[in-house]
Amino acid sequence: MITIKLPDGGERTLEKGSTAGDLAKSISQGLARKAVGALINEEIRDLATPLNEQDKVKILTPDDSESYELLRHSTAHVMAQAVQRIFPHAKIAIGPTIQDGFYYDFEIPDHSLSTEDLQKIEEEMKKIVKEDQKLVRYNIPDVDKQLDEFRGQGEKFKAELLNEHRDHNPTLYLMQDKDGKTIWNDLCRGPHLPSTGVIKAFKLMKVSGSYWRGDEHREQLQRIYATAWWKEADLADYLHRLEEAERRDHRKLSKQLDLFTVHEEVGPGLIFWHPNLATVRATIEDFWRDEHRRRGYQFVFTPHIAHEKLYEISGHLENYAENMYASMEIDEEPYRVKPMNCPGHIMIYKSRLRSYRDLPLRFAELGTVYRYERSGVLHGMLRVRGFTQDDSHIFCRPDQLESEVGGILDLIEHLMSTFGYTYKAYLATRPEKSLGTTEEWEFATTALENALKSRKMDYEVEEGGGAFYAPKIDIKLFDAIGREWQGPTVQVDLNLPNRFDVTYIGDDGNRHKVVMVHRAVLGSMERFCGGLIEHYAGAFPTWLAPEQVAVLPIADRHQEYANEVVKQLQSKMLRVKFDDRAETINYRIRECQVEQVPYMLVIGDKEVENKTVAPRHRRQGNLSPMPLTEFIDLIETEIKEKK
RNA sequence: GCCGACGUAGCUCAGUGGUAGAGCAACGGUUUCGUAAACCGUAGGUCGUGGGUUCAAAUCCCACCGUCGGCUCCA
C-alpha cells in the first residue's frame, strides 16, 4: 500500500501501482468523471501516471487552470492527426501550447494551407474528438528502431528530436481507437488528456510561416495557430476579447480619428503625426518635461547625424551595424544617421572635466533615432524605423547609483500611474555572453535590486536576461484590457564609460570611472502613443484630448453668444471645436461622440437667455445647465488632475 | 528578409474576361433644428506600379512596391 497526500492536507491509502485516475475514483465517482489529469508534486501529469509513496496529488478537472495545458496540448495532437489524414504527405514538427491556445508546425510539400483548409481540418478534428481516441503514454524501448521507423515515414523532424532526446527516456503518445488499436502517434513528453472525447470547444485561427527550430536557414514550415477551451462560452468570450482588441487597434482608430499616416512615397515605418495626435504628443511631452525639471534633469539636444568615428568608439559599428543605416559621405568623410542617443550625451559630459561635486548629472532628450527594422516586423506605430525616445543618461558616482535608480523608479511610477497603467518590474541579471567584471555586475545588479526593494516594488528576477553590457530593470505595463506592453527600462551601462573613458575627479584628486545609467520611461513617443490609443480605445482623457470641448449652437440666432463662449474657453487655453455648420444638432453631436470629444456645450435659447451652457459628457451624457464659469472650473480641475 | 493573404473613390466595401458601382465623407442648395445620422443635387477612380496573355484585363500570368498575420515562447 502507498500513502498519498491530498491538497486539503488529508491522506489516502491506495494499493501499490495505483494511478492518479485510481485515486480520483477512490475519492468520488463525480471527481473521476471530471478528472482530466493530475498535479503530482506540483507537476502536471497524465491521469494514468502510477503514484509513489508520499506523492502530493491534486486531481485536475476543467475547473483548474492547469488543465488548459492538457487540453490544448492534446488538441494540438488531434489537429496534427487531422492534418495528416487530409495531407498524408505532411510531416509534423512541433506543437506546443501558447497563451490561450497552441500551434503546430508542418512541412507540407506542394501545398500552401488556406483558410478553406482550416475548415476542413476543423471538421476532421471534430471526427477525431467524436471517435474518443485514447491518448496513451509509451516509453520507447528501442530508440534506434523508433528512429528507423520515423525515418521510414519521412518524419525527419521527429527523428531529429528523438535523436537529441535519446538519453532522456523519450516517450511517444499513442492515439488509439475503441479497440485499443494505435492509429497515430507523436513523439511527445506529454502530459495529455486521457482521451479526445473530453475536448469541447476549439477553433483554428490562422496559418503562418515559421522555420524549423526558429532558424531561418532551416526548413520553412507552415504553422497553424488555434485556440481551445473547455466550454463553448469560454471560446466565445475569447473571440470576443480578440474583437475588442481589434476595435482598439491604433491603426484602425487612426483612420477614424485622423491620428497618423505612413506613406509609400516616404517609406515604411516612418510616421506622420497629424494635428490630433501631435496635440496628444505635445501635451505628453510638456508633462514629461515638467516631471523631469522637478527631478533635477537637464535637457540637451544632439545632432541627428554623426561621423562614423563616434560609432567606432561606441562600438555600435561593431555590434549594432545591422540596425544602422548605411554610411553617407560628407566632404569625403563617412557619416551615419544616429541609432541611439547615448554617444551624444557622453560627448556633452566629456566636453569638460567633471568633479565628483558635479554628479549626478542627468541629461534628458526627446531624441529622434533611426534604426533598420526588417520589413516584415514593421507594425503601425508600434514597430517603426524612425522614432523619438524619451531618453536620459545619468552620470553618477558609485555611491549615488542606488538613489538615482530609486529616483528613476519614482518617476516611472508617477508617469505610468498617471496614464492608468498597472505594471510589474523584472530584474534582468548577467547573461552568459557579457562584458565587464563580476564585481561590476554584482555592484550594479545589487543597486538595482536594492532600489526595487526600498520602494517595495513588486518584481521578478530574470536570470541571465540582461543585455550583454548591462543589468537592467524592465517594466511591463498592463493596459485597460489586461494586455501586456513593453514599458520603461533602466540599465546600468558597464560598457560605454569604458569605451569613451568617461570619468570624474574624485575627492582624492584622482580620475574615477563614472557610473552611467541609461533609461527610457515612455520608450518611444511612437510606441507609447500607439499603445495609449489602444489603452484608451481612442477616447483620450480630457487633459490629452485633441479637442477638449465642442461648442454647438442650435440655430443661427445662437451664434453670437456661442462665439462669446468659444472666446472665453480659448482664453483659458482650452482646445475648442466650434461647430456652427447648418447640420442638425443631432448630427453634430453624433460627430463629436464618434470623435470622442470629452465635452459638448449645446447653446440654445435657454442658454443665451440665462447666460449658461448645457454640457454633455461623451460618456455620462447630459449634465445640468450651468454658468460658463462653473463649466470652466469643472474642466480645468479635470485637466489639472490629468483625467 | 522568409511564408501566406490582401491592395477598386478620402473611408468602408461590391464588382472574376465585355462601357467601373454603393453607402458614408466632400462640394452646392434647401432646412434653423434641444442632445448619436434632415432633404435634394453635384463632383470624385490610369482599379498599388510596371510588363505580359487576349479582339478585349479591375478580373488571367510575371515582376516590383506597400499593407496585414506570423516567423520567441523548445518532443
Side-chain angles (χ1 to χ4, degrees), chain A residues 73 76-77 80 92-99 102-105 107-108 111-115 117 140 150 155 157-166 168-173 185-190 192 205-225 246 249 251-252 254-256 258 261-269 322 372-380 550 552-559 580-595 600-607 614-618 621-623 625:
Chain A
H73 198 179
H77 279 222
I92 56 180
I94 57 166
T97 57
I98 51 173
Q99 170 108 53
F102 60 91
Y103 67 78
Y104 214 112
D105 285 347
E107 184 180 62
I108 311 176
H111 184 83
S112 295
L113 290 171
S114 66
T115 323
D117 291 328
I140 299 173
F150 278 150
E155 294 285 5
F157 306 113
K158 290 291 162 193
E160 184 177 325
L161 291 171
L162 174 56
N163 200 32
E164 271 167 42
H165 289 274
R166 59 183 308 141
H168 307 114
N169 302 316
T171 51
L172 295 183
Y173 270 76
N185 76 64
D186 190 358
L187 177 71
C188 183
R189 70 175 165 199
H192 278 286
M205 303 299 290
K206 56 199 171 197
V207 211
S208 77
S210 66
Y211 300 101
W212 173 232
R213 317 211 105 173
D215 181 347
E216 60 189 282
H217 302 296
R218 300 210 53 184
E219 290 89 337
Q220 173 90 45
L221 305 175
Q222 300 188 62
R223 174 173 299 178
I224 302 177
Y225 282 92
E246 207 175 308
D249 190 306
R251 294 162 302 184
K252 202 168 166 174
S254 168
K255 282 185 183 161
Q256 284 166 27
D258 193 14
T261 43
V262 288
H263 301 269
E264 202 172 327
E265 307 86 311
V266 179
E322 67 208 37
Y372 174 72
E373 297 279 1
R374 295 163 140 219
S375 60
V377 304
L378 300 172
H379 181 96
L552 311 174
I554 288 174
D556 288 350
R557 63 180 178 277
H558 309 124
Q559 264 179 13
D580 61 349
R581 288 176 303 172
E583 302 287 353
T584 61
I585 191 69
N586 279 324
Y587 181 91
R588 286 174 287 155
I589 286 173
R590 178 184 150 80
E591 196 171 275
C592 289
Q593 285 288 153
V594 170
E595 287 167 4
M600 291 149 252
L601 299 182
V602 175
I603 310 283
D605 290 337
K606 278 179 267 175
E607 286 70 33
R616 172 189 167 111
H617 184 269
R618 65 181 168 196
N622 297 338
L623 311 181

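Below, chain A is the first sequence line, B the second, and so on; all start at residue 1.
- The nearest whole Å value for the distance from the CD atom in A:E591 to the P atom in B:rU35 is 18 Å.
- When the side-chain contact (heavy atoms from CB on, under 4.5 Å) test is applied to A:A93, the partners found at least two apart in sequence or on another chain are A:D105, A:F157, A:W212, A:L221.
- The shortest distance between the side-chain N/O atoms of A:N622 and the OP1/OP2 oxygens of B:rU35 is not below 4.0 Å.
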Can you name the atoms? Protein N/O to nucleotides 71-73 of chain B N/O, anything below 3.5 Å, with the distance.
| from | atom 1 | to | atom 2 | distance (Å) |
| --- | --- | --- | --- | --- |
| B:rC71 | OP1 | A:Y225 | OH | 3.3 |
| B:rC71 | O4' | A:G209 | O | 3.2 |
| B:rC71 | O2' | A:Y211 | N | 3.3 |
| B:rU72 | OP2 | A:G214 | O | 2.9 |
| B:rC73 | OP2 | A:Y103 | OH | 3.4 |

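- Distance CG (A:D105) to C1' (B:rC3): 11 Å, rounded to an integer number of Å.
- Note on ring orientation: taking the six-membered ring where Trp is involved, the planes of A:H73 and A:H192 are tilted (angle from 30° to 60°).
- Nucleic acid contact class of A:H379 (heavy atoms, under 4.0 Å, all strands): sugar-phosphate only.
- Applying the ring-ring contact (aromatic ring centres under 6.0 Å, His included) rule to A:Y225 yields the partners A:Y103; only residues at least two apart in sequence or on another chain are considered.
- For B:rC33, neither phosphate oxygen OP1 nor OP2 lies less than 4.0 angstrom from any side-chain nitrogen or oxygen of A:R581.
- Nucleic acid contact class of A:E607 (heavy atoms, under 4.0 Å, all strands): base.
- Not counting sequence neighbours, the partners of A:H263 by the ring-ring contact (aromatic ring centres under 6.0 Å, His included) test are A:F272.
- Rounded to whole angstrom, the span from the CD1 atom of A:I589 across to the C1' atom of B:rU35 amounts to 3 Å.
- The residue A:G267 sits apart from the nucleic acid: no heavy atom pair falls under 4.0 Å.
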Give each protein N/O atom lying under 3.5 Å from an N/O atom of nucleotides 6-12 of chain B, with the pair distance.
| from | atom 1 | to | atom 2 | distance (Å) |
| --- | --- | --- | --- | --- |
| B:rU12 | OP1 | A:K255 | NZ | 3.0 |

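- At a threshold of 4.0 angstrom between heavy atoms, the contacts of A:S112 are confined to the sugar-phosphate backbone, with no base atom among them.
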Atom pairs, N/O to N/O, protein against nucleotides 30-32 of chain B, distance under 3.5 Å?
| from | atom 1 | to | atom 2 | distance (Å) |
| --- | --- | --- | --- | --- |
| B:rU31 | N3 | A:A582 | O | 3.4 |
| B:rU32 | O2 | A:D556 | N | 3.0 |
| B:rU32 | N3 | A:D556 | OD1 | 3.1 |
| B:rU32 | N3 | A:D556 | OD2 | 3.1 |
| B:rU32 | O4 | A:D556 | OD2 | 3.2 |

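- Side-chain proximity of A:V602 to B:rG66, B:rG34, B:rA36: nearest is B:rG34.
- B:rC60 is paired with B:rG52 under the Watson-Crick or G-U wobble criterion, all donor-acceptor distances under 3.5 Å.
- Of the possible polar contacts, one joining the A:Q222 side chain to the A:H111 backbone as a donor-acceptor pair under 3.5 Å is found.
- Residues passing the side-chain contact (heavy atoms from CB on, under 4.5 Å) test with A:Q220 are A:Y211, sequence neighbours excluded.
- Look at B:rU35: it lacks any Watson-Crick or wobble partner with both distances under 3.5 angstrom.
- Residue A:K606 is classed as a base contact, given a heavy-atom separation below 4.0 Å to a base.
- The residue among A:G190 and A:S375 whose nearest nucleotide of RNA chain B lies closer to the 5′ end is A:S375.
- Residues passing the salt bridge (Lys or Arg N to Asp or Glu O under 4.0 Å) test with A:R557 are A:D605, sequence neighbours excluded.
- Scored by the side-chain hydrogen bond (donor to acceptor under 3.5 Å, both in side chains) test, A:Q593 finds A:R616 as partners (sequence neighbours excluded).
- For the P atom pair drawn from B:rA58 and B:rG17, the interatomic distance equals 13 Å after rounding to whole Å.
- For the pair A:D117 (side chain) and A:S114 (backbone), a donor-acceptor distance under 3.5 Å is present.
- Looking at heavy-atom distances under 4.0 Å, A:R588 makes no contact with the nucleic acid at all.
- Under the Watson-Crick and G-U wobble criteria, each requiring two contacts below 3.5 Å, nucleotide B:rU12 is paired to B:rA22.
- The salt bridge (Lys or Arg N to Asp or Glu O under 4.0 Å) check on A:D186 picks up A:K158, with sequence neighbours excluded.
- Contact check, A:R590 against B:rA38: no side-chain N or O comes under 4.0 Å of OP1 or OP2.
- Listed by chain and number, the residues in a salt bridge (Lys or Arg N to Asp or Glu O under 4.0 Å) with A:E607 amount to none (sequence neighbours excluded).
- Using a 4.0 Å heavy-atom criterion, one finds that A:R218 contacts no nucleic acid atom at all.
- Using N1 to N3 plus N6-O4 or O6-N4 for Watson-Crick, or N1-O2 and O6-N3 for G-U wobble, each under 3.5 Å, B:rC71 pairs with B:rG1.
- In this structure, A:E265 atom CD and B:rG66 atom P are separated by 11 Å, rounded to whole Å.
- Every residue meeting the salt bridge (Lys or Arg N to Asp or Glu O under 4.0 Å) condition with A:R213, not counting sequence neighbours, appears here in chain and number order: A:E160, A:E164.
- In this structure, NZ of A:K252 is placed 14 Å from P of B:rC68, rounded to the nearest angstrom.
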